[in-house]
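Every chain is numbered from 1, with letters handed out A, B, ... down the list of sequences.
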2 protein chains.
Amino acid sequence: MPTASLLAYQPHDHDRCVVRAMQRAQSLCDAKGARLTPMRKRVLELIWQSHQALGAYDLIAALLQEGSKAAPPTVYRALEFLQETGLIHRIASLNAYIGCSVHKGPHMSCLMICKQCRNVQEKAHPELEQLLLQPAVLGKFLPEQSVVEITGLCPACQKAPIDCPTKD
Amino acid sequence: MPTASLLAYQPHDHDRCVVRAMQRAQSLCDAKGARLTPMRKRVLELIWQSHQALGAYDLIAALLQEGSKAAPPTVYRALEFLQETGLIHRIASLNAYIGCSVHKGPHMSCLMICKQCRNVQEKAHPELEQLLLQPAVLGKFLPEQSVVEITGLCPACQKAPIDCPTKD
DNA sequence: TTGTAAATGTTATAACATAACACTTATTTC
DNA sequence: GAAATAAGTGTTATGTTATAACATTTACAA
Ligand SMILES: [Zn+2]
Ligand SMILES: [Zn+2]
Ligand SMILES: [Zn+2]
Ligand SMILES: [Zn+2]
């Protein structure tokens with residue numbers, strides 16, 4: 001039986017992921033008094049098309065495809081908004097973006113990035129948070145943001161080294 | 001008394017850091033049968049000028065300054081070599097590079113990046129390594145590389161919010 | 001409805017990184 | 001030692017990611 005925490009690497013009803021993500025986005029914006037404009041909403045939907053990380057220029061291409069005028073600043077502004085709102089994460093080691101799947105407040109999470117299928121699984125990680133923020137570890141360093149990214153092979157790609165079955 | 005592990009944020013005899021780093025580089029290359037050419041050596045020295053992260057184009061500018069012909073490919077090739085040899089780390093969240101200060105073999109380390117003075121402290125972290133690589137955490141994900149970067153304020157910059165005293 | 005702030009459009013450019021191929025230098029083999 | 005081979009660097013061009021600056025539009029409030 002598939003674990004919920006490995007959803008990104010399993011065939012699953014992805015429409016539910018999308019619906020949940022968009023509902024959460026709307027209510028989070030409502031709660032914060034932020035505006036989920038059509039552009040921001042569309043960018044978020046595009047990001048949630050799959051569990052694969054998308055680059056900013058992938059998004060621009062997709063928007064142009066569907067007739068929207070989308071120059072880089074437009075998309076980068078949407079991405080910035082979505083990040084600040086906690087709806088997406090930027091993946092530093094890929095220069096790409098992924099929907100946040102941890103439905104909690106601010107959290108330190110670990111991103112597991114399959115180098116082959118590019119699917120990304122986010123894992124909330126209280127222990128990691130604890131461990132990383134211990135004074136014993138950081139000394140007198142005052143942490144603000146963290147990037148924890150593990151690159152490797154997802155379960156599916158370990159079995160099928162050439163083409164990973166879970167493309168969505 | 002300054003802890004060895006927070007050297008980057010303390011005034012210290014940085015020449016010793018440089019000497020140690022260059023000695024280690026030479027012996028590591030000798031051991032591996034790799035060639036620490038003048039270009040590679042100079043790039044490594046430039047990176048070790050300080051504990052601040054340097055971008056590739058900072059290095060290019062520095063090399064041009066000193067009369068060396070240095071187009072991007074040259075520097076990126078040196079950086080690639082130094083990374084593979086384990087002498088430097090790339091900081092994904094900054095697009096910048098820092099000398100490795102953990103004198104061991106391959107290691108998973110945590111980089112503490114001061115957002116103000118840009119000084120970077122590397123901390124080797126066996127516990128983190130253990131924690132991150134636990135099956136309980138990663139499931140059946142097969143890890144290969146990890147990026148752990150914490151951005152915040154170093155001890156010095158917490159005290160002097162405008163200009164950090166440890167610029168070297 | 002008119003003023004204000006927020007969001008988006010538009011143009012240009014900055015910052016980071018690599019492809020492709022020529023040339024030079026070091027190392028091996030004969 | 002000379003020729004062959006491999007490793008490293010030079011050079012030109014271009015690809016990829018991201019932002020600056022300013023004009024215009026849209027949403028909301030007074
Ligand atoms: Zn899904
Ligand atoms: Zn998240
Ligand atoms: Zn030092
Ligand atoms: Zn290191």
Side-chain angles (χ1 to χ4, degrees), chain A residues 25-26 29-30 32-47 52-64 66-85 87-98 113 118 147 149, chain B residues 25-26 29-30 32-47 52-64 66-85 87-98 113 115 118 147 149 151:
Chain A
Q26 191 61 67
C29 287
D30 289 351
K32 288 195 179 186
R35 291 170 51 202
L36 191 61
T37 63
M39 177 61 74
R40 291 165 176 176
K41 190 174 176 184
R42 188 64 194 128
V43 167
L44 185 59
E45 283 169 353
L46 286 170
I47 288 176
Q52 289 172 264
L54 278 187
Y57 281 74
D58 295 332
L59 293 166
I60 292 168
L63 287 168
L64 290 177
E66 50 190 55
S68 167
K69 290 173 185 176
T74 301
V75 170
Y76 278 101
R77 284 188 285 231
L79 290 171
E80 190 185 11
F81 170 86
L82 294 169
Q83 269 185 274
E84 283 169 355
T85 316
L87 294 169
I88 65 172
H89 294 289
R90 179 172 191 275
I91 303 175
S93 53
L94 285 182
N95 296 327
Y97 303 83
I98 193 80
I113 305 159
R118 217 177 150 94
V147 171
E149 298 169 10
Chain B
Q26 191 60 66
C29 286
D30 289 350
K32 289 194 177 186
R35 289 170 52 202
L36 190 61
T37 63
M39 175 62 72
R40 291 166 175 176
K41 190 175 176 186
R42 188 65 193 127
V43 167
L44 185 58
E45 283 169 352
L46 286 169
I47 288 176
Q52 289 172 264
L54 278 187
Y57 280 74
D58 295 333
L59 293 166
I60 292 168
L63 288 167
L64 289 177
E66 49 187 59
S68 167
K69 290 175 186 176
T74 301
V75 170
Y76 277 101
R77 284 188 285 230
L79 290 170
E80 189 185 11
F81 170 85
L82 294 170
Q83 270 185 273
E84 283 169 354
T85 316
L87 294 170
I88 64 172
H89 294 289
R90 179 171 192 274
I91 303 176
S93 53
L94 286 182
N95 296 327
Y97 303 83
I98 194 80
I113 305 159
K115 67 175 180 179
R118 217 176 149 95
V147 172
E149 299 170 9
T151 302

In a table with atom names and distances, give each donor-acceptor pair under 3.5 Å that connects a side chain of residues 67-78 of chain A to protein atoms at least two apart or in another chain.
residue, atom, partner, partner atom, Å
A/R77, NE, A/P73, O, 3.4

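In this structure, the separation between CZ on A/R90 and CG on A/N95 is 5.0 Å, given to the nearest 0.5 Å.
Annotation: proximity of residues 36-43 of chain B to DNA chain D (heavy atom, distance under 4.0 Å) is found for B/T37, B/M39, B/R40, numbered in ascending order.
Taking atom CZ of residue A/F81 and atom C1' of nucleotide C/dA6, one finds them 11 Å apart after rounding to whole Å.
Evaluation of the side chain to side chain contact (heavy atoms under 4.5 Å, CB included) rule for B/A61 yields no partner, not counting sequence neighbours. The side chain to side chain contact (heavy atoms under 4.5 Å, CB included) search around B/I47 returns B/V43, B/L59, B/L79, B/I88, B/Y97, not counting sequence neighbours. Applying the side chain to side chain donor-acceptor pair (under 3.5 Å) rule to A/Q83 yields no partners; only residues at least two apart in sequence or on another chain are considered. A search for side chain to side chain donor-acceptor pair (under 3.5 Å) contacts involving B/K115 returns A/E144, not counting sequence neighbours. For B/A62, the side chain to side chain contact (heavy atoms under 4.5 Å, CB included) criterion is met by B/L46, not counting sequence neighbours. Applying the side chain to side chain donor-acceptor pair (under 3.5 Å) test to B/E80 and every residue at least two apart in sequence or in another chain returns nothing. Residues satisfying the side chain to side chain contact (heavy atoms under 4.5 Å, CB included) test with A/A25, not counting sequence neighbours, are A/L36, A/L44, A/L87. For the side chain to side chain donor-acceptor pair (under 3.5 Å) test, no residue two or more places apart in sequence or in another chain qualifies with B/D58.
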message: Within the 4.0 Å limit for protein heavy atoms, which parts of nucleotides 17-27 of chain C are touched? Write it as a string from 5' to 3', B for base, S for sugar-phosphate only, - for none.
response: BBB------S-
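Protein chain A contacts DNA chain D over a range whose 5' and 3' limits, counting nucleotides with an atom under 4.0 angstrom from a non-hydrogen atom, are D/dT17 to D/dA27.
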